[in-house]
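Take a look at the structure below.
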Amino acid sequence: MDCFFVSVGLRKRPELRGKPVAVTHSKGSKPQTKREGVDRNTEFNLYKQKQAKKLGKGTGKTEDEIVIESRVDNVGDENSEYGSLSEIASCSYEARAKGIKNGMFMGPALKLCPNLQTIPYDFEGYKEVAYTLYNTIAQYTLDIEAVSCDEMYVDCTELLKDLKVSVQDFATALRQEIKDKTGCPCSTGFGSNRLQSRLATKRAKPDGQFFLTSDLVEDFMFGISLKDLPGVGRQTSQKLESLGHQTCGSLQTLTLGLLQRHLGNKTGAQLFDQCRGRDPNPLTFHTIRKSVSAEVNYGIRFETNDQCFHFLKQLSAEVHSRMQQFKVLGKCITLKLMVRAEEAPVETAKFMGHGFCNVLNKSSNLTNATNDVEIITKEVISLCKKQKIDPKELRGIGIQISKLEQVMTKPNNSGISKFLNKNKNVPGSNYTPKVENDAGTSCDVKNQIKVEDNTKYSITPKKKNTSSHVNKSPKHELKSSPVKRRGRPPKSLKYSLMNAKSSMDKFLGGEIQVKEELPAQTVPEIIREERPKSSDSNQDGLLSLSWEKVRELLRAWLDSGQSPKLCDTRMIASYLSKLVAKKDIDKVYILMNFLKRRTHEIDMDIWIEVYNYVLEDVQNSMIAVYGNKLWINN
DNA sequence: ATCCTCCCCTAC
DNA sequence: TAAGGTAGGGGAGGAT
Ligand SMILES: [Mg+2]
């Protein structure tokens, strides 16, 4: 999507279309009260000096020769008309034409464009549009790699073949469909690998399409800026610039060895490929999470160590809660501290911001993986004490857990009894723990669409609260604060939390999470529901059974020795799709892996077809609800 | 040589 | 007023 937040916001403000518009927290007006001790220039200069130093190290220049451009440039002083430090999350193309960019502060932006209009965040809108976008694409293929709530890679190889349609015709129709459904423009880029499609999309924006055909690649790459390559950010591009290269064409003259010497083995090799339009990385339709973390880098103002430890405890609880949601345990605990730099003013330029800080990370390894809140708390407090930091100087705190393992669930052998009358109990179909192990080994709950979770929390506070974390009511505060969005909200999709309560929690024994009620979720329509519905009255009846019973039904069905009937297959597929819609992913996961294993054990085409039929339904629903496929064991 | 920790860089 | 957060990749250099 193009300038996503703005496009969504403009649906409610059509009169602003065609005008320079920015999404911000505040309008950029002057503050009403003055804070003592603020020294913007000192703080800003520290940021710039640090940047210059980094650059000097990368390029070999002395700090004097380096001129840094920074977003703190052109900020007026406090109380001036152009002094606002409110950040622009997204701006319209009309604003960009005036030189405004995402991430810029309102003050400098207003200098460039005094009639810049601001609109507030609209998290519900983002969610709705994102779902619609993913549902629309999923009608055509499930080969989707989600990048963010408004961006994805799609493998269109098969679908273009099947539809017998040209790339450009498909792109036009698809973009029109998305615009019709969402009211927002979008752009598509086609190419023969990830890199090419990405660069093609950039070329296509705004509201356009571009097909980078193989015959164009060489010329096209020649003019691409190195900064536009994925993985090339500020530091890398400046380093390359100091070597005399700003474009891919120019970089093509360097040898692999030279690039590797300057940038390291991997980065050098990647760049060598990228500047030629090559990209060996395939799309990945599922990934495994490697860490879970939470950090708070605003409003941290402690007087005593105890306040700090109290905060650590609550942050540990938040991390623990996320680990439960993802069903992981971890072995490595890392504490991140932001500490006011000695030279930095005590009062920060941004109200309750972290200001100019030194950052340190310290980690500790456990013998056994855990998600225990007491252990995490104990470790982070211990790590914190070792740093011997004056609590008054702390400005940010984070906890990260890595070296993760999946939670193993215990077999639950109890309560297997008779099931529906039409099923016969078959000897040898006894419960096997293996099924449970399948269930426990992984449940990919991370790759799920959830746009801007917790709108309730992310939209600005009800009461103006100018106190720091430690002064607020602890209970409510720490539950919600790490989830609150400050500054520019992420368009995070891959790694966002899942709202649905874990149905596996009940198997974990004792540790039921008592979390505040989360906002109700809209359950998106499930795609391809036009498939003829079975009139079987048992179809809905399955939902009223416990999933274990359904598994027994399945087992009996598979063991029946008869050919599967289509109506039964449909019934199972429908049941599982509904479980997806209900976000009972754990059950779906168990049942699908069970079905896969057993159908493949039978090893008859007809049963494999049953599995594939059900799988297709389930994956369609998964894409519709979460934007990603269910992970199935090999 | 390889692993590990800490740090930097990047995406979104 | 206006407040980043979360995650992955990889390099430098010491530890094993
Ligand atoms: Mg880049």
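Throughout, protein chains are lettered first and strands after them, A, B, ... in sequence-line order, and every chain is numbered starting at 1. The model shown is predicted, which means the values in this text are computed figures rather than measured ones.
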Grab the CD-C1' distance between A:E87 and C:dA3 for me, whole Å please. 10 Å
Closest-nucleotide mapping onto DNA chain C: is A:N265 or A:G353 further toward the 5' terminus? I mean the 5' end. A:G353
Distance check, C1' atoms only: B:dT10 and C:dG4, in whole angstrom units. 15 Å
Separation of A:K202 atom NZ from B:dA11 atom P, in whole Å? 10 Å
Report yes if a side-chain nitrogen or oxygen of A:S293 is closer than 4.0 Å to either non-bridging phosphate oxygen (OP1 or OP2) of C:dA7; otherwise report no. yes
Separation of B:dT10 atom C1' from A:Q274 atom CD, nearest Å, is 12 Å
Using a 4.0 Å heavy-atom cut-off across all strands, classify A:V359 as base, sugar-phosphate, or nothing. nothing
Enumerate the salt bridge (Lys or Arg N to Asp or Glu O under 4.0 Å) contacts for residues 358-369 of chain A, please, sequence neighbours excluded, ordered by first and then second residue. none
Axis deviation across the helix from B:dA1-C:dT16 to B:dC12-C:dG5, five-pair ends, to the nearest 10°: 10°
Within less than 4.0 Å of OP1 or OP2 of C:dA3, is there a side-chain N or O belonging to A:R395? no
Nearest-Å distance, CD1 (A:I397) to P (C:dG4)? 16 Å
Round to the nearest Å and state the distance from A:M338 atom CE to C:dG4 atom P. 9 Å
Residue pairs involving residues 331-357 of chain A (criterion salt bridge (Lys or Arg N to Asp or Glu O under 4.0 Å); sequence neighbours excluded): A:R35-A:E347, A:E295-A:K336, A:K331-A:E405, A:R340-A:E393
